[in-house]
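The block underneath contains the structure these notes are about, expressed in structure tokens.
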Amino acid sequence: MKMHFVERFTQPGEKISLYRNGAFVDFCRGPHVPSTSRVKAFKVLSLAGAYWLGDEKNPQLQRLYGTAFFNKKEMDEHFARLEEAARRDHRVLGKQLDLFSIQEIAGAGLIFWHPKGGIIRKIMEDWMREECIRRGYDLVFTPHVMRHELWKISGHAGYYAQNMYTPMELDDADYQLKPMNCPGHILIYKNTPKSYRDLPVRLAELGNVYRYERSGTMHGLLRVRGFTQDDAHIFCTPEQIEDEVVACIDFAEAVLKTFGFAEFKVELSTWDPKDRKNYAGSDDKWSLAIDSLEHALQRKGIPFRTISGEAAFYGPKIDIKLVDALGRLWQLSTVQFDFNLPARFDLEYVGEDGERHQPVMVHRALFGSVERFFGVLIEHYAGAFPLWLAPMQVGLVPISEKHIDYAKTVQSQLQIAGLRVELDDRNEKMNAKIRDLTMQKIPYLLVMGDKEAAANAVSVRTRGKGDEGSIPLEEFIAKAKKLVEEKSTYL
RNA sequence: GCUGAUGUAGCUCAGUGGUAGAGCACUCCCUUGGUAAGGGAGAGGUCAUGGGUUCAAGCCCCAUCAUCAGCUCCA
């Protein structure tokens, strides 16, 4: 193995390096620790296969993973972080909190949203749809299966075929599940002639797409075979691009802020002009698009990293990576140019000059995938959702059977106020009810006995704070409604 | 897809060739309790699926499916 590198790096004029630890001499770019005595804390982590030179066509080697630190404290902190991440694992929390499941009998990578996950999804989707309408998008719905002919025109049947479910034959035609929503939106755009006065046309859809993922690649909600994109396509004139991109970034910021993510990083992926032949679209279009994206980011005053050669073949893009509660990065939102599809579908609009022009198309997804966003959300909050998102917002704990009637009147008043309530009327001691509901991470538990029933009050136990004493029911309702209204992350 | 591991009750897991187990959850009974687990009884299993070896398989062998840790690829 080392001979491969010796041969590769020992061309005339090339500098090579050798490292020595005691009797062990290694041919390596380095650096190595000067002495193994510097390594005060280390641990073997795992054993796994890895492809020779990272290419799956090459044979696999056994790779032994380990980690080392200058002292025990640093190592302990590292493992504490890993444990914290494991404790927040959305797959584990999804089971404990009964949010979603994946069923072997139904197939890998296909998500079942249970009632408690479903209500969160409904809140996410309602918010997204209303926000789209407020921001000038039109909502559309497109079919889940469409004829193979369409995917040939869009080019997916060619360059995306490995990721698509195979066609199903029906009458005289082959139909295929959609891996993307773009062609559907394009057909709606094309259905009527467009004037420059109609632009920009912004079509949005929470579209279910299906992609074949290789068997070893699925991971909970984060990598699946069927998912929902909060997808939109904006058809506009070249002059409108910059404003549209700024609006998309504003929108993305609003999404992240609303769902509790304070931090994010932005990357601008551009082409590599030296590799010209690998990109569709004219030079003019590329430089206009890259300039627009850059100007938009500068106008927003957002710091970003430009990565050349990372663009899709059909256009440059902005990727927004959010930073979660543990400092991990997640790629979700994306704003992409597409020079390919407007040409393939021969899109046009009539300009001020009375001539036909080709519109520019921007593709954007903010949650990215509703499933993945939900997975990240679960881990970010460790399952302790803010009040407006919590599937069960209030848990009711009658102290004894005598207080169940009062608890029912409290329940109906909370429900009338629009709150999601769980009444624990089991034949259990109060302590057991508090424990069980606490483990469900319910934001508020209301304990009620003789004193509360007499005063039309509730004893409030707030998640993470404990017993906060009795207050009038009306007061609690007003407070809870306000926090929901504000989408507060505090209780 | 590849390498390695795993798959037993709703959940978490024990069981290493000879009658399938525990805790929690569930049902019923007793208990009516003031801020994180009261007590008792009961019910619950094609031991992932399909083959094979054996007098006998949850356990050994093969294949398939799924999951996990990685690799590779992505929203």
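Every chain is numbered from 1, with letters handed out A, B, ... down the list of sequences.
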Would you mind reading off the distance between Lys402(A) atom NZ and G33(B) atom C1', rounded to a whole angstrom? 9 Å
Does the pair Gln103(A) and Ser101(A) meet the rule for a side-chain hydrogen bond (donor to acceptor under 3.5 Å, both in side chains), with working shown? CA-CA 6 Å; Gln103(A) 314 262 350; Ser101(A) 63; 2.9 Å; yes
Sticking with atom P, work out how far U53(B) lies from U3(B), rounded to a whole angstrom. 28 Å
Partner of His185(A) under side chain to side chain donor-acceptor pair (under 3.5 Å), chosen from Arg202(A), His363(A), His233(A): His233(A)
The answer to which of His219(A) and Arg426(A) contacts RNA chain B further toward the 5' end, by nearest nucleotide, is Arg426(A)
With sequence neighbours left out, the residues meeting salt bridge (Lys or Arg N to Asp or Glu O under 4.0 Å) with Asp338(A) are none
Is a donor from one side chain sitting under 3.5 angstrom from an acceptor on the other, for Asp272(A) and Ser308(A)? no
Counting only Watson-Crick or G-U wobble pairs whose two distances fall under 3.5 Å, which nucleotide matches A69(B)? U3(B)
NA contact type, Val397(A), heavy-atom cut-off 4.0 Å: base, sugar-phosphate, or nothing? nothing
Counter-base of A36(B), judged by Watson-Crick or G-U geometry with both distances under 3.5 Å: none
C1' spacing across the pair G18(B) / U54(B), given as an integer number of angstrom: 12 Å
What is the separation between atom CZ on Arg211(A) and atom C1' on A75(B), rounded to the nearest whole Å? 6 Å
Atom CE of Met124(A) to atom P of A75(B): distance rounded to whole Å? 18 Å
Please figure out whether Gly449(A) or Glu213(A) has its closest RNA chain B nucleotide nearer the 5' end. Gly449(A)
Write down the distance separating the C1' atoms in A57(B) and U16(B), rounded off to the nearest Å. 12 Å
Output all residues satisfying ring-ring contact (aromatic ring centres under 6.0 Å, His included) with Tyr159(A), sequence neighbours left out; order by chain, then residue number. His156(A), Phe313(A)
Should Arg372(A) be listed as having a side-chain N or O under 4.0 Å from OP1 or OP2 of C74(B)? no
Take the protein atom CD of Gln336(A) and the nucleotide atom C1' of C74(B), then report the distance between them rounded to whole Å. 12 Å
Round to the nearest Å and state the distance from Met430(A) atom CE to U32(B) atom C1'. 12 Å
Spacing between Leu329(A) atom CG and C74(B) atom P, to the nearest angstrom: 18 Å
Tell me every residue that passes side-chain hydrogen bond (donor to acceptor under 3.5 Å, both in side chains) with Arg344(A), counting only those two or more places apart in sequence or in another chain. Asn340(A)
Taking the side chain of Ile434(A) as heavy atoms from C-beta outward, which of U72(B), A75(B), A36(B) is closest to it? A36(B)
Please list, pair by pair, any protein nitrogen or oxygen found under 3.5 Å from a nitrogen or oxygen in nucleotides 65-67 of chain B.
residue, atom, partner, partner atom, Å
C65(B), O2, Glu104(A), OE2, 3.2
A66(B), O4', Glu104(A), OE2, 3.3

Whole angstrom value for the distance that separates P of U12(B) from CG of Asp98(A): 13 Å
Taking the C1' atom in each of G7(B) and U64(B), what is the distance between them to the nearest angstrom? 14 Å
A43(B) pairs with, by Watson-Crick or G-U criteria that keep both distances under 3.5 Å: none
Distance check, P atoms only: C47(B) and A9(B), in whole angstrom units. 10 Å
Any chance you could list the contact pattern along nucleotides 37-46 of chain B? Use B for base contacts, S for sugar-phosphate-only contacts and - for none, protein heavy atoms under 4.0 Å, 5' to 3'. BB--------
If you measure from the C1' atom in C28(B) to the same atom in A36(B), how many Å do you get, rounded? 26 Å
For residues 434-448 of chain A, which residue pairs pass the side-chain hydrogen bond (donor to acceptor under 3.5 Å, both in side chains) check, not counting sequence neighbours? Arg426(A)-Asp436(A)
Specify the separation, in whole Å, of atom NZ of Lys433(A) and atom C1' of G33(B). 9 Å
Counting only heavy atoms and a strict 4.0 angstrom limit, can you tell me which residues of residues 136-143 of chain A come near RNA chain B? none
Tyr212(A) side chain, from C-beta outward: closest of G1(B), A36(B), C74(B): G1(B)
Residues in ring-ring contact (aromatic ring centres under 6.0 Å, His included) contact with Tyr279(A), at least two apart in sequence or another chain: Trp271(A), Trp286(A)
Does A14(B) pair with anything, Watson-Crick or G-U wobble, both distances under 3.5 Å, and if so, with which nucleotide? none
List the residues meeting ring-ring contact (aromatic ring centres under 6.0 Å, His included) with Phe367(A), not counting sequence neighbours, and say none if there are none. Phe259(A), Phe373(A)
I'd like to check the side-chain contact (heavy atoms from CB on, under 4.5 Å) partners of Lys122(A); sequence neighbours left out, ordered by chain and number. Ile119(A), Asp126(A)
With a 4.0 Å cut-off on heavy atoms, is Glu452(A) in touch with a base, just the backbone sugar-phosphate, or nothing at all? base
Base, sugar-phosphate, or nothing for Gln96(A), non-hydrogen atoms under 4.0 angstrom? nothing
Please step through side chain to side chain contact (heavy atoms under 4.5 Å, CB included) for the pair Ile249(A) and Val266(A), ending with a clear verdict. CA-CA 10 Å; Ile249(A) 297 167; Val266(A) 176; over 6 Å; no
How would you list, by chain and number, every residue that makes a salt bridge (Lys or Arg N to Asp or Glu O under 4.0 Å) with Asp231(A), sequence neighbours excluded? none
Residues which pass side-chain hydrogen bond (donor to acceptor under 3.5 Å, both in side chains) with Gln393(A), listed by chain and number, not counting sequence neighbours: none
Taking the same atom, C1', in A56(B) and in G42(B), what whole-Å distance lies between them? 33 Å
G39(B) and U46(B): how far apart are their P atoms, nearest whole angstrom? 30 Å
Paired nucleotide for A63(B) [Watson-Crick or G-U wobble; both distances under 3.5 Å]: U49(B)
Choose from G34(B), C73(B), A36(B) the nucleotide whose nearest atom is closest to any side-chain atom of Asp450(A). G34(B)
Do Glu131(A) and Lys257(A) meet the salt-bridge criterion of a basic N to acidic O distance under 4.0 Å? no
